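What follows is a single structure, written as structure tokens, with notes after it.
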Amino acid sequence: MRKATVAMDADVIVVGAGLAGLVAAHELTSRGRRVALVDQENAANLGGQAFWSFGGLFLVDSPEQRRLGVKDSFDLAWSDWQGSAQFDRTDDEDSWAVRWARAYVEFAAGEKRTWLAGHGISFVPTVGWAERGDLRADGHGNSVPRFHVAWGTGTGVVEPFVRYARQAARDGLLTFHHRHRVDELVVDGAGGAARGVRGTVLAPDDSPRGVSSSRERVGDFELTAQAVVVTSGGIGADHDMVRRHWPERLGTPPAEMVTGVPAYVDGRMLDISAEAGVRLVNRDRMWHYTEGVRNWDPIWPGHGIRILPGPSSMWFDALGRRLPDPCLPGYDTLGTLRHLRTTEDIAGYDHSWFVLTRRIVEKEFALSGSEQNPDITAKDRKAVLRDRILGKGAPAPVQAFLDHGADFVVADTLDRLVEKMNGLTEKALLDADGLRRQIRARDLQLANPYAKDAQVQGIRNARRYIGDRLGRVATPHRILDPAAGPLIAVKLHVLTRKTLGGIQTDLDSRALGADGSPIEGLYAAGEVAGFGGGGVHGYNALEGTFLGGCLFSGRAAGRAAARQTG
């Protein structure tokens, strides 16, 4: 145990006031440790990127699942995780990630729900079936619904930990250092132990949450402590960095993308950590969505919103060809991205299309983000029942995109719809007759309760699950049925989101050096650490695992740092 020999500014410095940082800070202050919480943004941004999330959490064999007739188990979830992660660097970059993955699934199947309840976090009664997979039992995807949405969305998940931090500040155990940007991790040369941070004091900025803030420098700072916990997030707002690490297996990166995270998700601390001797792994693994649309009312630059689709929309590439299996709505995120970016004649285009009906958009469309789900964010149970289960018409946020969104077009006939779709691209790439042939072929599959079309099979499979049938999946119908119209098309963009690799850590969230040994006093958690171990997800995420990874790794880091500084 390393003891401080000089007066220090805190027992532990936490770099980053997002969810992982707040959880780590709570674990520390609840054990009496003094914490300096350092963040480059102002106080309005406490909770970071997690505040803006939908609040989905991956749980296994939960009471919510059992009430809905879902039979889940640790064995099934661990099989799904391994099939999705496809760990193939187990002797090196994945060596700790595999152990983190099993520990996380055990957590999700064990104490996670009780632990969350202890912090006042509860869930909507329906469980979502996200990332349904690549259509193989041993491949990628969730075999059963596991996406539990927290009452309050991401805002509700963040709220108790913000409250704890503010109370700790009042109790004298936590000091906020807002508008302090870390530029260097201070590591003793002789002992190789972390002892503080140095950086830049940024000019005061009262911008609202999520809005880009000034980077004007007004001074320098240095803080010292017995330990440092890095929880600074990923790279999603820096498109140049995303392109720099874009893997060859996903083809060419898009020339244009929309941004799913605020501008402060800049990835700076990854290279800063590497300069301090930290080992970075799996930087070629990332998670971006193919169902992004431009936000008609943006908060940050290039603000995009992800459509959380049900299974019924037809998906076409930029040239108007139906995407092949398993590139179906809600099934295989990176498989679809790989198809769009590696197919030679469409890789030069940065968009694809959903074609659907009014009936589908009313039942199936949801939008990711706390601000796009005001009923759940406000914990308004009556509004959820009224608008999502019993109501008619599209939810108000979805209707706003239909009315104002630059990527949405509506028409009574397919010819007019295709004309409007071609109006959203530089060249007229789509042919109405070509789309009509493909849509009619699909529509013919609906005459029976069985079909050879994989998407139609998936729709009927989904409706066997009561959670989908009641509030998520439209009654099967023909796309070209006038009674289901009007027709709708949505131009879809790649939306940047998550970093799946990062700082390699052991199961105590201790940051590892180039030789694989822990750097004394240095910890990492959340997205900057690949949500644990430098890449707990491997190549694919099962969804609901990003917030959960921040919670789990932040908890581990805080507890371990508390033991070190005790």
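Please read these numbers as outputs of a predicted model, since none were measured by experiment.
To the nearest 0.5 angstrom, Ser213 atom OG is 3.5 Å from Glu41 atom CD. Summarising the geometry, atom CG belonging to Leu500 is positioned 8.5 Å from atom CG belonging to Asn540; distances are rounded to the nearest 0.5 Å. In this structure, the separation between CZ on Phe87 and OG on Ser95 is 10.5 Å, given to the nearest 0.5 Å. The structure places CZ of Phe221 at 12.0 Å from CZ of Arg179, a figure rounded to the nearest 0.5 Å. In this structure, CD1 in Ile13 is found 8.5 Å from CE in Met8, a value given to the nearest 0.5 Å. Atoms CZ and CD, on Arg163 and Gln167 in that order, are 9.5 Å from each other to the nearest 0.5 Å.
Side-chain contact check for Arg33 and Thr565: at least one donor-acceptor pair (N or O, by modelled atom type) lies under 3.5 Å. There is a side-chain donor-acceptor pair under 3.5 Å between Asp407 and His493. Side chains of Thr259 and His303: a donor-acceptor N/O pair is absent below 3.5 angstrom, by distance only. With no hydrogens or angles considered, no side-chain donor-acceptor pair links Thr377 and Glu371 at under 3.5 Å. Between Asp205 and Ser214, the side chains place no donor N or O within less than 3.5 Å of an acceptor N or O (distance only, hydrogens not considered). For the residue pair Gln40/Asp266, the side-chain donor-acceptor check at 3.5 Å is satisfied. One side chain, Asn282 or Arg89, offers a donor N or O that lies under 3.5 Å from an acceptor on the other. One side chain, Thr224 or Asp9, offers a donor N or O that lies under 3.5 Å from an acceptor on the other.
Around the CD atom of Glu256, the shell of radius 6.0 Å holds no more than 12 heavy atoms that belong to other residues, nucleotides or ligands. Counting heavy-atom neighbours within 6.0 Å of Asp171 CG, excluding the residue itself, gives a total above 12.
Arg146 has its side chain out of reach of Trp129: every pair of non-hydrogen atoms, C-beta onward, lies at least 4.5 Å apart. Contact of the Val15 side chain with the Thr231 side chain is not registered, since no non-hydrogen atoms from C-beta on lie closer than 4.5 Å. In this structure the side chain of Val35 never reaches within 4.5 angstrom of the side chain of Leu173, judged on heavy atoms. Annotation: side chain of His177 is not in contact with side chain of Leu37 (no heavy-atom distance under 4.5 Å). Contact of the Leu185 side chain with the Met269 side chain is registered, since non-hydrogen atoms from C-beta on lie closer than 4.5 Å. Within the 4.5 Å cutoff, the side chain of His26 has heavy atoms near those of the His119 side chain. Contact check for Val293 versus Val490: side-chain heavy atoms found under the 4.5 Å cut-off. Using a 4.5 Å heavy-atom threshold, the side chains of Ile503 and Thr505 count as touching.
Judged by distance alone, with hydrogens and angles left aside, the side-chain atoms of Arg102 form no donor-acceptor pair with the main-chain N or O of Val98 at under 3.5 Å. Panel note: side chain Trp100, backbone Gly532; no donor-acceptor pair is recorded below 3.5 Å. With Thr499 contributing its side chain and Ile235 its backbone, the two residues share a donor-acceptor pair below 3.5 Å. Distance alone, capped at 3.5 Å, is enough to place a donor-acceptor pair between the Ser62 side chain and the Gln65 backbone. Not one N or O on the side chain of Asp332 forms a donor-acceptor pair closer than 3.5 Å with the backbone of Thr336. Proximity of a side-chain donor or acceptor of Asn45 to a complementary backbone N or O of Gly210 within less than 3.5 Å is detected. Using a distance-only test at 3.5 Å, with no hydrogens or angles considered, no donor-acceptor pair links the side chain of Arg166 to the main chain of Phe161.
Ring planes of Phe531 and Phe546: tilted class, angle from 30 to 60°. Ring planes of Phe107 and Phe552: parallel class, angle under 30° (limits at 30 and 60°). A parallel orientation is assigned to the rings of Phe176 and His178, their planes being inclined by less than 30° (bins at 30° and 60°). Below 30°, between 30° and 60°, or above 60°: for Phe408 and Phe401 the angle between ring planes is between 30° and 60°, a tilted geometry.
For the pair Glu543 and Arg497, the salt-bridge criterion is not met [side-chain N within less than 4.0 Å of a carboxylate O]. Under a 4.0 Å N-O distance rule, the pair Asp183/Arg268 qualifies as a salt bridge. Looking at Asp350 and Arg341, a side-chain N of the basic residue comes within less than 4.0 Å of a carboxylate O on the acidic one, giving a salt bridge. Taking a cutoff of 4.0 Å between a charged side-chain nitrogen and a carboxylate oxygen, Asp39 and Arg181 do not qualify as a salt bridge. One finds a salt bridge joining Arg249 and Asp284 here, because a Lys/Arg side-chain nitrogen approaches an Asp/Glu carboxylate oxygen to under 4.0 Å. Ion pairing of Arg388 with Asp375 is present here, as a side-chain N (NZ or NE/NH1/NH2) and a carboxylate O approach within less than 4.0 Å.
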Q: Please test Trp246 against His288 for ring-ring contact (aromatic ring centres under 6.0 Å, His included), starting from the C-alpha separation and ending with a verdict.
A: CA-CA 11 Å; Trp246 190 274; His288 308 303; 5.8 Å; yes
(Q) Let's go through Lys112 and Leu57 carefully: what are the C-alpha distance in whole Å and the side-chain angles of both, what is the deciding distance for side chain to side chain contact (heavy atoms under 4.5 Å, CB included) to 0.1 Å, and is it a yes or a no? (A) CA-CA 10 Å; Lys112 181 179 180 181; Leu57 290 161; 4.2 Å; yes
(Q) Pair Glu64, Arg113 - check salt bridge (charged side-chain N to carboxylate O under 4.0 Å, His left out), show working. (A) CA-CA 11 Å; Glu64 289 80 12; Arg113 188 178 183 280; 2.6 Å; yes
Q: Given side chain to side chain contact (heavy atoms under 4.5 Å, CB included), test Thr545 with His537 step by step and report yes or no.
A: CA-CA 8 Å; Thr545 56; His537 297 95; 2.8 Å; yes
Q: Evaluate side chain to side chain contact (heavy atoms under 4.5 Å, CB included) for Val242 paired with Met286, printing each intermediate quantity in order.
A: CA-CA 8 Å; Val242 169; Met286 51 186 68; 4.1 Å; yes
Q.
Walk me through whether Asp11 and Leu28 qualify under side chain to side chain contact (heavy atoms under 4.5 Å, CB included).
A. CA-CA 9 Å; Asp11 296 318; Leu28 287 157; over 6 Å; no
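Judged by the 6.0 Å distance and 45° axis criteria, Arg285 is positioned over the aromatic ring of Tyr539. A cation-pi contact links Arg99 to Trp96, judged by a cut-off of 6.0 Å to the six-membered ring centre and 45° from its axis. In this structure, Arg555 is positioned above the aromatic face of Trp115, its NZ or CZ under 6.0 Å from the six-membered ring centre and within 45° of the axis. Both the sub-6.0 Å distance and the 45° axial angle are not jointly satisfied by Arg209 relative to the ring of Trp300.
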Please report, to 0.1 Å, the donor-acceptor pairs under 3.5 Å made by any side chain of residues 47-54, with sequence neighbours excluded.
residue	atom	partner	partner atom	Å
Ser53	OG	Ala50	O	2.9
Ser53	OG	Gly55	N	3.3

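Taking the centre of each ring, Trp81 and His140 stay at or above the 6.0 Å mark.
The shortest non-hydrogen separation linking Ile376 to Val384 is CG1-CG2, 3.8 Å. Closest of all the heavy-atom pairs between Gly554 and Val23 is C-CG1, 3.8 Å.
Residue Val14 forms a side chain to side chain contact (heavy atoms under 4.5 Å, CB included) with just one option from Val38, Val229, Leu22, and that option is Val229.
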